[in-house]
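We count ligands from 1, going down the list as the structure has it; atoms in each ligand are counted the same way.
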Amino acid sequence: MRQVGVIGVGEYLPKRVLTNADLEKMVDTSDEWITTRTGIKERRLAAPDEATSDLAIKAAQKALEDAKLKPEDLDLIIVATITPDMQFPSVASMLQNGLSASKAVAFDISAACAGFVYGITIAQQFISCGTYKNALVIGAEKLSGITDWQDRNTCVLFGDGAGACVLSEVKTGGILSTYLSCDGSKMDLLNMPAGGSRNPASHETVDRRLHYIKMQGNDLFKIAVRSMTEAAEIVAKKAGLGLEDLDLIIPHQANMRIIMAVAKKIGLPEEKIYLNIAKYGNMSSACTATALCEAVKEGRIKKGDKVLLDAFGAGLVCGACIIEW
Ligand code: UT7
């Protein structure tokens, strides 16, 4: 089996910034509540004419440049998203065309906030067994389009963005272990009820505001802490490492209190946790993707470092992987 690693990263965040002060004018909330309960100060919003594929392609181009590859070098494109431009075709097909990656096989995956880690895991399988050589994995979301801007329970949490990485065979280091899980019995805690085959779009579904994210945050909070802690422990054990051997943790950025509770449980200090929640909020699959890119660009990840990606989200899904840089 070939060893697989990340050879390039890229990200794109839309320009428009929505601050907590802006939200105070939209719903009954306060900067104090949002900051203390979530750790979020601001988030980015895509322009009305910007779709998920537009964010994704910009992140992808940067990742390809970073990897020093041309689009035609790509064999596989996986886009993790819950906010595709349309039901079909896939965002990945749009990217294959937009990038002119004519040789690449392309598909989307729906694994919500754990989508980027699910995507990395799938790509690793294809490369390690020799089916494909170079893969592009992207986490991209325009959550602002499915956020109910009248619901203070959810609208303060989400933002838009995209992060990408290129995976290929590496001589040293690379992905040491991966772990994926799913508990569909609790899928009702976080969903968007309409727009699919169960409740196709109709005047009634629009009137009932069913095309927006519905979330039972409090129940999810406890499960998120438990699941992300368990995933970190399992994936470290699979890699033959102790948690203390990890150099950086890149957690899903849903809530600062969730992240700190996980860090405490696995016994790691704050300086080993990468955070971008304050400036971007929860961007689902794009959280770990952009955070990985920023951590590399900021020099937080050095050669030989062991980096843990740990994500949890709707499904309920969990995904973790350890990459030696
Ligand atoms: O992305 C992956 C999956 N998502 C998650 O993992 C998210 C997990 N959940 C959370 O992050 C947190 O549960 C939330 C941030 C969503 C909510 O925080 P909480 O500490 O669990 O608050 P709560 O839902 O228990 O609400 C506490 C109070 C309520 O008022 P009452 O009923 O106690 O009077 C809410 O109505 O806070 C109120 N509240 C707000 N107040 C001001 C809820 N949202 C707001 C708001 N501004 N934006």
Side-chain angles (χ1 to χ4, degrees), residues 18-43 80-83 110-118 139-144 146-161 163 180-192 212-232 250-263 265 273 275-278 280-291 309-320:
L18 187 77
T19 65
N20 290 350
D22 295 328
L23 281 161
E24 284 177 352
K25 295 180 203 129
M26 295 162 63
V27 287
D28 179 16
T29 191
S30 65
D31 173 47
E32 198 268 332
W33 192 94
I34 304 170
T35 306
T36 54
R37 307 303 284 183
T38 72
I40 302 166
K41 296 298 282 184
E42 56 188 45
R43 64 291 288 146
T81 187
I82 52 166
T83 49
S110 176
C113 309
F116 186 61
V117 181
Y118 266 63
E141 306 285 3
K142 184 179 176 181
L143 292 179
S144 59
I146 59 165
T147 296
D148 185 345
W149 294 103
Q150 295 177 15
D151 176 14
R152 72 171 183 173
N153 289 296
T154 52
C155 76
V156 301
L157 304 172
F158 302 110
D160 304 332
L180 305 178
S181 73
C182 175
D183 179 2
S185 71
K186 299 191 181 66
M187 63 184 176
D188 291 342
L189 294 178
L190 180 53
N191 63 15
M192 186 180 92
Y212 295 126
I213 300 170
K214 309 288 176 196
M215 185 170 92
Q216 293 174 45
N218 215 276
D219 294 330
L220 277 174
F221 189 107
K222 292 165 215 146
I223 304 169
V225 173
R226 207 168 50 237
S227 305
M228 288 172 69
T229 303
E230 194 178 81
I250 298 182
H252 173 50
Q253 317 268 321
N255 188 314
M256 180 73 126
R257 290 183 295 134
I258 294 177
I259 296 171
M260 289 310 155
V262 173
K265 277 179 181 286
I273 318 289
L275 297 166
N276 63 11
I277 185 167
Y280 304 140
N282 184 348
M283 303 181 289
S284 191
S285 66
C287 279
T288 42
T290 56
L309 268 58
D310 193 355
F312 166 84
L316 301 176
V317 290
C318 200

Where the side chain of [X] meets the backbone of [Y], is there a donor-acceptor pair that is under 3.5 Å apart?
| X | Y | value |
| --- | --- | --- |
| T147 | W149 | no |
| T81 | A140 | yes |
| E141 | T83 | yes |

Which pairs would a plain distance check flag for residues 23-33, meaning a side-chain donor or acceptor within less than 3.5 Å of a matching protein atom at least two apart in sequence or in another chain?
residue, atom, partner, partner atom, Å
E24, OE2, D31, N, 2.7
S30, OG, W33, N, 3.0
D31, OD1, N20, ND2, 2.9
D31, OD1, T35, OG1, 3.0
D31, OD1, K41, NZ, 3.2
D31, OD2, K41, NZ, 3.2

Throw together a table of side-chain donor-acceptor distances under 3.5 angstrom for residues 215-227, partners on residues two or more places apart or in other chains.
residue, atom, partner, partner atom, Å
S227, OG, I223, O, 2.7

Exercise. Which residue pairs pass the salt bridge (Lys or Arg N to Asp or Glu O under 4.0 Å) test when at least one of the two sits in residues 181-191, sequence neighbours left out?
Worked result: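 Counting only pairs at least two positions apart or across chains, the salt bridge (Lys or Arg N to Asp or Glu O under 4.0 Å) contacts touching residues 181-191 are D183-K186.
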Would you mind writing out a table of all protein N or O atoms found under 3.5 Å from any N or O atom of ligand 1, naming both atoms and giving the distance to 0.1 Å?
residue, atom, partner, partner atom, Å
ligand 1, 1 (O), H252, NE2, 3.0
ligand 1, 1 (O), N282, ND2, 2.8
ligand 1, 9 (N), G217, O, 3.0
ligand 1, 11 (O), N255, ND2, 2.7
ligand 1, 13 (O), G217, O, 3.1
ligand 1, 20 (O), R37, NE, 3.2
ligand 1, 20 (O), R37, NH2, 2.7
ligand 1, 20 (O), R257, NH2, 2.9
ligand 1, 21 (O), N218, ND2, 2.9
ligand 1, 25 (O), N218, ND2, 2.6
ligand 1, 36 (O), R152, NH2, 3.0
ligand 1, 37 (O), W33, NE1, 3.3
ligand 1, 41 (N), W33, NE1, 3.4
ligand 1, 41 (N), R152, NH1, 3.4
ligand 1, 47 (N), T29, OG1, 2.7
ligand 1, 48 (N), T29, OG1, 3.1
ligand 1, 48 (N), R152, O, 2.9

